[in-house]
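Remarks on the structure that follows.
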Amino acid sequence: MLSVTALKAAYGKIEALHGISFHVERGEIVTLIGANGAGKSTTLKALMRLAPPESPIVTGGEIVFEGKSMLGMEGHNVVDKLKMTLVPEGRHIFGNLTVMENLTLAAWTRRRESPKKDIEHIFELFPRLAERARQRSNTLSGGEQQMLAVGRALMTKCSVLLLDEPSMGLAPLIMYDMFRTLKQLNSKGLTIIVVEQNAKLALQVADRGYVLDTGEIVAEGYCAELLQDLEIKAAYLGG
């Protein structure tokens with residue numbers, strides 16, 4: 001479904017990705033793990049074709065989605081035409097809008113369709129959002145804001161969901177609930193790419209994983225194998 005080959009990306013003169021290659025099959029959960037500064041978020045931003053300074057400049061390599069190059073594609077077309085959507089680090093919800101307004105706004109590309117059924121689906125996934133539908137988003141708890149960020153992304157009817165540090169700042173119970181919901185969505189066919197510092201949790205949920213270190217992929221494999229790798233255990237899993 002998605003193939004990244006020898007991808008290089010830079011912020012100005014600083015190269016952040018040094019020629020990484022990986023692939024994602026339809027219906028998989030794939031995780032990218034690594035320390036701060038490893039290039040995980042940069043990879044997602046490059047995939048989403050966000051404009052600088054939010055996104056790095058791709059200086060080499062190729063990104064192919066379903067047989068077609070993504071290089072040269074603008075970010076809004078990645079969402080609208082390829083149905084790939086990012087839940088960014090920090091959520092970036094519209095705090096001055098209500099929960100309902102955030103969800104409705106995300107359906108702007110489907111102006112001829114009513115978003116009602118999709119909003120009902122989001123409220124089934126996240127009942128707490130239904131309870132706060134008319135509440136301003138900046139008054140929600142951190143966990144509720146993350147639910148809204150994921151719900152807003154799903155309103156695009158995406159076939160590929162990218163998540164950047166979805167567990168950041170969440171209480172353990174909310175964090176595990178979030179990943180259970182992601183697993184549920186995946187079981188219904190959604191392809192997921194997740195960047196996560198909680199490496200153990202990510203590897204327990206995903207099918208395959210890639211380990212990034214200072215802009216390079218240093219290990220890859222099925223998550224069950226990576227969880228048992230002694231070097232990865234020592235470096236990323238706390239022993």
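Remember, predicted model here, so these are calculated numbers, not experimental data. Keep in mind that the numbers below use all heavy atoms, side chains included, and drop hydrogens, waters and symmetry copies. Here, residue 1 is the first one in the sequence, and each next residue gets the next number.
- Around NZ of Lys200, the count of heavy atoms belonging to other residues, nucleotides or ligands within 6.0 Å does not exceed 12.
- Residue Tyr11 places its OH atom among more than 12 non-hydrogen atoms of other residues, nucleotides or ligands, all under 6.0 Å distant.
- Ser167 and Asn198 are not linked by any side-chain donor-acceptor pair at a separation below 3.5 angstrom, with hydrogens and angles left out of the test.
- Atoms CG and CG, on Leu227 and Leu203 in that order, are 4.5 Å from each other to the nearest 0.5 Å.
- At least one donor-acceptor pair closer than 3.5 Å links the side chain of Lys40 to the backbone N or O of Ala35.
- Scanning both residues, Cys158 and Thr85, for their nearest heavy atoms gives CB-OG1, 3.3 Å.
- Of all the heavy atoms in Pro115 and Met155, the pair that sits closest is CB-CE, 3.7 Å.
- Shown here for Ala153 and Val87, the closest heavy-atom pair between the two residues is CB-CG2, 3.6 Å.
- Ser137 and Gln145 share no donor-acceptor pair across their side chains, judged by distance under 3.5 Å alone.
- Nearest approach of Ser141 to Arg128, heavy atoms of both residues: OG-NH2, 4.4 Å.
- One hydrophobic cluster holds both Tyr176 and Leu185 under the rule that ILVMFWY side chains link at heavy-atom gaps under 4.5 Å.
- The backbone N or O of His18 sits nowhere less than 3.5 Å from a side-chain atom of Glu216 that would complete a donor-acceptor pair.
- In the hydrophobic clustering of ILVMFWY residues, with side-chain heavy atoms under 4.5 Å counting as a link, Val218 and Ile232 come out together.
- Nearest heavy-atom pair across Gly61 and Leu71 is O-CD1, 3.4 Å.
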